[in-house]
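Structure first, then comments.
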Amino acid sequence: MRVKRWVAHAGLDARISPHWFRHTRGMNIMRRSRGKDALRVAKLALNHDSIRSTGVYTAMCREEYEREIQLVDGGRVPRRVARQMAEQVGA
């Protein structure tokens, strides 16, 4: 409940929750880890019982997909189109 109050007070997206922070932590570990086994690092940091639970953090997020499509296509794909493509991939 505190998080919801702080989020509202800060004017942030109401969907932010303690789980959102945890998920963000897992994604950041996967993106920034320089070790050989980032998935295991995320598993331990998030205190998951199973490596399968941690597998969700190996998925590419929509923003990463949009950025990569823009790089590959040399900026020729409008952001709106890249976003629509990313939403189809995530579905």
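Note: hydrogens, waters and symmetry copies are ignored here, and every other heavy atom, side chains too, is used. Positions are given from 1, in the same order as the sequence printed here. Since the structure is predicted, the reported quantities are computational estimates derived from the model, not experimental observations.
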Please list all pairs passing the side chain to side chain donor-acceptor pair (under 3.5 Å) test where one or both residues lie in residues 50-61, with sequence neighbours left out.
-> H48-T54
Besides V41, the hydrophobic cluster formed by Ile, Leu, Val, Met, Phe, Trp and Tyr side chains linked at under 4.5 Å, directly or via other members, contains I29
Rounding to 0.5 Å, atoms CZ (R5) and CE (M1) come to a distance of 6.5 Å
Using the rule that two of Ile, Leu, Val, Met, Phe, Trp, Tyr join whenever any of their side-chain heavy atoms come within less than 4.5 Å, decide whether I51 and V56 are in one cluster.
-> yes
Side chain to side chain donor-acceptor pair (under 3.5 Å) contacts in which one or both residues fall within residues 33-45, not counting sequence neighbours | D37-R40
Smallest heavy-atom separation, G26 atom then L46 atom, equals CA-CD1, 3.8 Å
Closest heavy-atom pair, M30 versus A42, reported as atoms and distance to 0.1 Å, is SD-CB, 4.2 Å
Taking side chain to side chain contact (heavy atoms under 4.5 Å, CB included) as the test, write out the residues that go with I16, two or more places apart.
-> V7, L12, D13, W20, F21
Which residues share a side chain to side chain contact (heavy atoms under 4.5 Å, CB included) with H19, sequence neighbours left out | S17, H23
Under the side-chain hydrogen bond (donor to acceptor under 3.5 Å, both in side chains) test, residues paired with R25 that sit two or more places apart | none
